[in-house]
Structures are given as structure tokens and as C-alpha cells.
Protein chains: 2
Amino acid sequence: MASPSTTTRVSRRKHRGVPIPATRYDQRLAKILSYATEVFCDKGYEGASMRDLSRASGMSLAGLYYYFESKERLLYLIQKHTFTTIVARLKARLEGVDNGEERIRIFILNHLEYFLANQAAMKVLSHEDEVLKNGFGSEVAALKREYYRICVGLLDHLKRQRSLQFTTRLAVLSLFGMMNWIYTWHNPRVDADAASIAREMGDVFLRGVICGAKARKS
Amino acid sequence: MASPSTTTRVSRRKHRGVPIPATRYDQRLAKILSYATEVFCDKGYEGASMRDLSRASGMSLAGLYYYFESKERLLYLIQKHTFTTIVARLKARLEGVDNGEERIRIFILNHLEYFLANQAAMKVLSHEDEVLKNGFGSEVAALKREYYRICVGLLDHLKRQRSLQFTTRLAVLSLFGMMNWIYTWHNPRVDADAASIAREMGDVFLRGVICGAKARKS
DNA sequence: GAGTTATTCGAACGTTCGTTAGAATTTATT
DNA sequence: AATAAATTCTAACGAACGTTCGAATAACTC
């Protein structure tokens with residue numbers, strides 16, 4: 001009787017041994033989240049209406065609320081899932097790689113690959129950054145901070161290892177800017193794929209940070 | 001009798017010789033635009049209501065419409081003014097400077113100085129990029145393209161002059177990313193001023209683009 | 001196939017939205 | 001002071017918003 005959207009749903013069947021990872025409910029919710037990502041991406045969170053999502057997903061307006069309790073929670077679910085996934089992938093890829101420069105290249109490649117493969121979700125993540133309030137917002141903010149700190153760690157390591165001189169915070173945020181801005185311009189029919197872009201952005205950024213010779217005149 | 005907001009208002013008194021640059025109307029409109037910039041910056045264009053602006057500006061809801069015909073035109077006016085100003089300043093500053101690297105440094109400094117001095121306006125420009133439709137949108141888009149092309153010109157010149165190898169489009173958009181992303185993180189109590197940031201971002205970017213030695217391994 | 005639970009729906013709720021009509025008021029001109 | 005013009009207001013319009021209620025349907029259990 002109670003709506004499942006009020007509490008976190010269990011994602012495994014109750015009895016009958018074998019745990020099936022995705023219940024019907026979870027699959028349906030995931031589908032809705034993917035439609036919602038598209039809609040939020042196109043019209044922005046505030047600009048998109050629940051009726052837009054209803055139209056896009058083919059489900060009635062009221063029917064949607066069986067799966068989540070509010071539009072805000074919908075955005076939260078999208079952002080949390082996206083961030084969690086990208087952080088998890090990054091950690092897996094970094095495992096076993098020691099070289100400082102290579103680790104930064106992996107960071108860039110992971111970010112851009114995921115960004116371009118899930119452009120809509122990443123745009124929603126980048127663009128709708130400040131709209132979540134209170135509890136929702138702080139949880140996503142914590143994920144973001146963790147991701148940010150990983151990058152700071154990578155750069156600080158390189159900096160110490162090679163006695164470089166740059167402001168870590170500025171370097172990290174510049175790198176994020178380079179990468180995240182991509183959602184405003186990337187056109188798959190014109191621009192290269194993630195690997196190429198990652199390589200060239202990595203070149204520019206790493207040379208810029210490493211190159212000993214000052215590029216300034218006098 | 002006719003509302004002045006439907007046509008572009010003349011900004012000079014009609015008779016009595018001396019042209020006074022700012023009429024009462026223009027001053028009032030400018031004031032409203034500045035309040036609107038603040039409100040759009042805080043809550044986003046879609047998230048901000050005309051009632052928010054009414055509250056912020058101290059003018060009645062209907063009173064606002066004496067100065068512009070729609071919320072969309074309000075955003076258009078803000079974006080157009082901001083872009084026009086930053087392009088004009090840039091052109092003035094580039095005048096007489098020949099050195100290719102110095103010209104790019106001027107571009108970066110001009111951008112960041114204006115960005116940090118008018119953070120709200122620039123956030124509205126960066127963040128509310130795709131919301132203007134049809135006529136409004138295309139005019140602002142043309143301004144943006146001009147600004148973009150200037151930067152392409154600067155980088156292409158440097159590239160030819162020094163026989164460098166990079167994708168101009170990617171380099172320009174990376175630079176814009178580095179600079180524009182600043183609206184998501186800059187905190188005047190923590191971060192340096194525009195000149196310092198421009199210098200360090202310029203260092204990273206120019207070294208990255210100029211440095212002959214590949215930073216890649218193997 | 002009856003009974004129970006899970007899912008979906010049409011219809012509406014109350015609120016807020018952008019915008020406007022028309023009256024009231026202030027300001028400028030004689 | 002009288003007149004005209006410019007500016008601002010109160011009050012409302014219809015539309016769209018996020019959300020909810022309770023009934024209707026579908027899926028599953030026995």
C-alpha cells in the first residue's frame with residue numbers, strides 16, 4: 001500500500017535463492033531516470049516540467065510519482081548515480097598505475113570518456129549544480145568534493161615528485177574547466193572522439209604544468 | 001502613450017542642443033538590468049520570477065514592464081550589453097600590441113578581469129546560454145561567435161608564427177573552459193585577483209600550447 | 001479464479017507563473 | 001496653475017506548475 005518512493009527500495013527479490021540484481025521496479029525507475037536526464041539536459045532542470053517528462057517517458061503524470069516523491073529527488077538520483085559511477089570507474093582504472101603523469105592522463109581520459117558517452121547526464125551534473133537544496137544538495141556536494149580531492153591528490157603528487165611550481169587549486173579547477181566546458185561545444189560530427197581529445201587536452205595541460213621554462217617574457 | 005519598451009528608445013534628449021548621454025529612462029533601465037542580473041545569477045533565468053525581480057528592485061511587478069516587453073528580452077539585454085562591452089574593451093586593449101603571445105595574455109586578462117568584476121553578469125552569460133530563442137538568441141550567438149573568432153585569430157597567428165602543432169578549435173575551447181568555469185568556484189576571500197589568475201592560467205595554457213617537447217611518454 | 005499486491009491512471013488541488021488593462025500618480029512643459 | 005506626457009501602481013487574467021487522491025488496471029500468489 002505504502003508508496004515505494006518514500007523509502008529506498010530493495011533491489012533484490014525477497015526469497016527464492018538467487019539474487020536477481022534488477023527488479024522490475026528498478027528497471028522501470030532506471031528507464032525513467034534516463035528519460036529525465038534527457039529532458040533536464042534539453043530544457044534545464046527548472047525549465048523542464050513533469051509534464052515534459054510524462055510526455056517523453058510515455059507514462060502518466062501521476063504514474064511517475066510512484067517511483068519518486070518529487071522532481072528534486074529525481075535530479076538528486078540522476079546526479080548521485082552519475083557521480084558514483086564516474087568515481088568508481090576512475091578508482092578501478094587508477095589501480096596499479098604508479099606513474100604520476102600517467103595517472104593524470106587516466107583521470108582526464110576517464111572523465112572525458114564518461115562525459116561524451118553520457119553527455120546528457122554530465123551536462124545535467126555540470127549545469128544543474130546549485131539547484132539541489134539541503135540534504136539532497138549536500139550529499140551530491142560530498143561526492144563532488146571527493147572527486148575533486150582525488151584530482152588534487154594526483155596533481156600534488158606530481159608536483160612534489162618533480163618539484164614543480166603551480167597553485168594546485170588553480171590547476172585542478174582549470175583542468176575541470178577545460179574538461180567540463182565540453183558540454184557547451186562538443187559536436188560528434190565535427191570533433192574527435194574522447195581518446196583524441198583526452199590526449200590533446202592532456203598534452204596542453206601537462207606541458208603547461210610541467211614545462212620548466214617559463215613561457216613569460218621578462 | 002505608447003509603451004517605450006516596444007521600440008528601441010533613443011538615448012538622447014530630443015531638442016535643446018547638447019546631447020545628454022543618459023536619459024532618466026536609460027538610467028532607470030540600467031538599474032533594473034543590474035538588479036535582474038543579480039536575480040538571474042542567484043536563481044537562474046528559469047528559476048527567477050518577475051516577482052523576485054520586483055522585490056529586488058523595489059518596483060511593482062507591472063511597473064517593470066514599462067521598461068521591457070518580456071522576461072526573455074530582459075535576458076537578451078543583459079547578455080547583449082555584457083558581450084558588447086567585453087568585446088569593445090578587448091579590441092581597445094589589443095590595439096597597437098603586435099607580439100602574438102602578449103596578445104593572448106591580453107585576451108586572457110581582459111576576459112578574467114571583466115569576469116571577476118562582473119561575475120553575476122558573466123555567470124548569466126555563461127550559464128544561460130541556450131535559453132534565448134529565435135531572434136534574441138541568434139543576435140547574442142553572433143556576438144559570441146565574433147568573440148570566439150577573435151580568439152581563434154590570436155591562436156592561429158601564434159601557431160603560424162612559431163610553427164606549432166595543435167588543434168586550434170580544441171585549444172580555444174579549452175581556454176574558454178578554463179576561464180569560464182571560474183564562475184563555479186571563484187571565491188574572492190580565498191582566490192587571487194584577476195591579474196594573478198590570468199598570469200597563472202596564461203602560463204599553463206601558453207606553455208601547454210607552445211612547449212615543443214612532447215610531455216607524453218614514448 | 002479468487003484474493004492480494006503492485007502499478008498506472010484521469011482528474012483535480014492549490015500555487016505560482018508571465019503578462020496586461022486601466023486607473024492613479026509623478027514629472028515636465030507652458 | 002493648467003495641461004500634457006511619462007511613469008508607476010493595484011488587481012486581475014489565463015496558463016502552467018508540482019503534487020495528490022482515489023479509482024482502475026495489471027501482475028502475482030495460492
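Residue numbers begin at 1 in each chain, while the letters A, B, ... track the order of the sequences.
Mapping A/Met59 and B/Lys71 onto DNA chain C by nearest heavy atom places A/Met59 closer to the 5' end of the strand. Residue B/Ser60 is the one, among A/Leu61 and B/Ser60, whose nearest nucleotide of DNA chain D lies closer to the 5' end (criterion: closest heavy atom).
The shortest distance between the side-chain N/O atoms of A/Arg24 and the OP1/OP2 oxygens of D/dC28 is not below 4.0 Å. The shortest distance between the side-chain N/O atoms of A/Arg28 and the OP1/OP2 oxygens of C/dT8 is below 4.0 Å. Remark: B/Tyr67 is in phosphate contact with D/dT8, judged by side-chain N or O atoms under 4.0 Å from OP1 or OP2.
A heavy atom closer than 4.0 Å to some atom of DNA chain C occurs in B/Ala48, B/Ser49, B/Met50, B/Arg51, these being the qualifying members of residues 46-55 of chain B.
Going from atom NZ of A/Lys31 over to atom P of C/dT8 covers 14 Å, rounded to whole Å. With rounding to whole Å, B/Tyr25 atom OH is found 18 Å from D/dA5 atom P. As rounded to whole Å, 15 Å separates atom C1' of D/dG18 from atom CG of A/Leu75. As rounded to whole Å, 14 Å separates atom C1' of C/dT19 from atom CG of B/Leu74. Rounded to an integer number of Å, the gap from CZ of B/Arg73 to C1' of C/dG18 is 17 Å. In this structure, the CD1 atom of B/Ile32 is 11 Å from the P atom of D/dT7, given to the nearest Å. Distance, B/Tyr65 OH to C/dA23 C1': 20 Å, rounded to whole Å. Straight-line distance from the CG atom of A/Leu64 to the C1' atom of D/dT20: 13 Å, rounded to whole Å.
A donor-acceptor contact closer than 3.5 angstrom links the side chains of B/Lys159 and B/Thr168.
Residues A/Tyr76 and A/His81 keep their aromatic ring centres 6.0 Å or farther apart. Close placement of the A/Tyr147 and A/Phe176 rings is indicated, their centers lying within 6.0 Å of each other. Aromatic pair A/Phe205/A/Phe107: centroids not less than 6.0 angstrom apart.
Shortest non-hydrogen contact noted between A/Lys80 and A/Thr84 is O-OG1, 2.6 Å.
Nearest to the side-chain atoms of B/Ala62 among the listed nucleotides C/dA21, C/dT8, D/dT7 stands C/dA21. When each of C/dT7, C/dA21, D/dT7 is scored by its nearest atom to the side-chain atoms of A/Tyr66, the top-ranked nucleotide is C/dT7.
Among the candidates B/Leu132, B/Leu75, B/Val39, the single residue satisfying the side-chain contact (heavy atoms from CB on, under 4.5 Å) test with B/Tyr45 is B/Leu75.
A parallel orientation is assigned to the rings of B/Phe115 and B/Tyr183, their planes being inclined by less than 30° (bins at 30° and 60°).
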